[in-house]
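Start at 1 and go down the list; that is how both ligands and their atoms are numbered. Hydrogens, waters and symmetry mates are skipped; everything else that's a heavy atom, side chains included, is used.
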Amino acid sequence: MDTRQLDQAFIANTYARFPLTLTHGHGSTVYDDTGKSYIDLGTGIAVNAFGVGDSEWKAAVTAQLDLIPHSSNLYYTEPQVRLARHLCERTGMARVFFGNSGAEANECLIKAARKWNSDQFGEEKRSTLVTLEGSFHGRTLTTLSATGQDVFHRHFGPFTPGFAFARPNDLDQMKQLLSERDDVGCVLMEMVLGEGGVVPLTQEYVQGVAALCREKNILIAVDEVQTGNGRTGTLYAYEQYGITPDIVSTAKGIGGGLPIGACLLGERLKDTLGPGSHGSTFGGNPVSAAGALSILTRIDQSVLDGVKAKHALIVDALKGAKGVQSVTGLGLMLGIECERPAKDVVADCMQRGMLVLTAKNKVRLLPALNIPDEQLKAALAILKEVFAQ
Ligand SMILES: *Cc1c(COP(=O)(O)O)cnc(C)c1O
């Protein structure tokens, strides 16, 4: 049996995979098992921040493999603390908890928000966390509950209680929700709803929500799992909205290809989680942490400027192009509304040697932060042809 037949026979049937087996790659080029090459505009869903097999990242990871690949969190390890210090110094946050995925980073975020509120106001007095309709926060039972999409609230009940949902970019509705309820302890937002269709929040909305939260002593939390780590043209997307969150979760691109997630706790929450209150066997694993440090230290102003320049290149090429209705998103996180069904665009791109994603009814692009302009231009030429068909 070949890989596809083995997958169908032995892998839980949770993924509707494309008929494509990837074998290797370099940078923004990946190859399938027939040797065909593809320009990769999906980066394993915003994970391969500097493309596949980035050499500095590989060197950092293999050097750590030679030292100690795993030790558990019963002992101190250097890559983890260096990574945490780097994150705190660049964000102004106070402490970091490491997990292994976006969902785990959000689990920690939710636990920290509940514990802080429990400490301040009493057990379960302000345990409700408000998220946005169309949001996505993960696949564990609690992060599914936090996800503001009804399709995720079926079949697996009972779900974790304690979530309420608000309409994105509707400040009046949030104002009403927060005035009607006295049990809200935290508002959690993605600055650009990713899986929800690459929908950016407006400046007025985010700043308005932040002001409401400050007024009512409600925590402000930001899910930067997809938007974080340079993806939107700043290290974290919230920086572009002029807010100071209390809690930030991130994952995906931070690991550059290895699993790691982080929950950043601000000054007010730095002592909220005490010994025994949370943990993870693999969290902050030295190999993943060394890889993440290699990625983050290189996301400097010139990389971030490059992200903005590549954003402009894409928008200039696609705005007004035949078959394109709108382009949304920030930096290298873009959603394209088009006349053709998004899934047909994906299939045609694949046939022509290019990998793109979808988000709801849009085509979604999440290219490597350092995709060469020449390769990006070649990709845009293909995309324009496919959209025009
Ligand atoms: C992908 C994603 C998650 C879940 O991350 P996993 O690593 O798949 O658990 C959570 N939030 C957002 C915004 C995401 O894009």
Side-chain angles (χ1 to χ4, degrees), residues 12 14-17 42-49 97-113 129-149 151-153 156 160 163 165 168 186-201 206 220-232 235-238 240-241 245 247-264 280 282-285 288 291-292 295 328-335 357-360 362 364-367:
T14 61
Y15 301 106
R17 297 197 208 271
T43 53
I45 318 183
V47 166
N48 301 317
F97 176 86
F98 290 112
N100 313 283
S101 65
E104 284 176 77
N106 283 332
E107 285 277 343
C108 179
L109 181 154
I110 295 162
K111 281 181 74 171
L129 192 144
V130 173
T131 70
L132 300 181
E133 290 170 11
S135 61
F136 182 80
H137 298 297
R139 296 279 191 171
T140 62
L141 275 169
T142 293
T143 56
L144 279 180
S145 302
T147 290
Q149 300 185 48
V151 289
F152 291 108
H153 299 159
F156 303 108
T160 309
F163 295 94
F165 306 100
C186 182
V187 174
L188 169 62
M189 302 177 282
E190 293 163 82
M191 297 293 98
V192 182
L193 288 90
E195 304 303 314
V198 198
V199 179
L201 297 181
V206 172
I220 304 165
V222 182
D223 180 338
E224 296 261 8
V225 172
Q226 190 164 155
T227 52
N229 313 300
R231 173 66 38 201
T232 67
L235 186 61
Y236 292 101
Y238 72 78
Q240 293 174 55
Y241 288 85
I247 325 176
V248 176
S249 59
T250 192
K252 290 199 168 99
I254 192 175
L258 281 172
I260 183 165
C263 178
L264 282 56
S280 164
F282 279 109
N285 166 280
S288 296
I295 296 292
T328 59
L330 296 175
L332 289 176
M333 178 174 178
L334 290 150
L357 306 166
T358 62
K360 295 278 172 280
K362 291 180 187 172
R364 178 171 40 151
L365 309 182
L366 297 166

- Item | Contacts of R17 that satisfy salt bridge (Lys or Arg N to Asp or Glu O under 4.0 Å) - sequence neighbours left out | D7
- Query: N285: what forms a side chain to side chain contact (heavy atoms under 4.5 Å, CB included) with it, not counting sequence neighbours?
  - Reply: H70, F282, V287, S288
Under 3.5 Å, which donor-acceptor pairs link side chains of residues 254-262 to any protein atom two or more places apart or in another chain?
none

- Item | Contact residues of ligand 1 (heavy atom under 4.0 Å), by chain and number | S101, G102, A103, N106, F136, H137, G138, E190, D223, V225, Q226, K252
- Message: Donor-acceptor check, side chain of T43 to backbone of L366, threshold 3.5 angstrom: yes or no?
- Response: yes
- Would you mind reporting whether T160 and T143 have side-chain heavy atoms less than 4.5 Å apart? no
- Task: May I ask you to check whether H137 and F163 place their ring centres under 6.0 Å from each other?
- Result: no
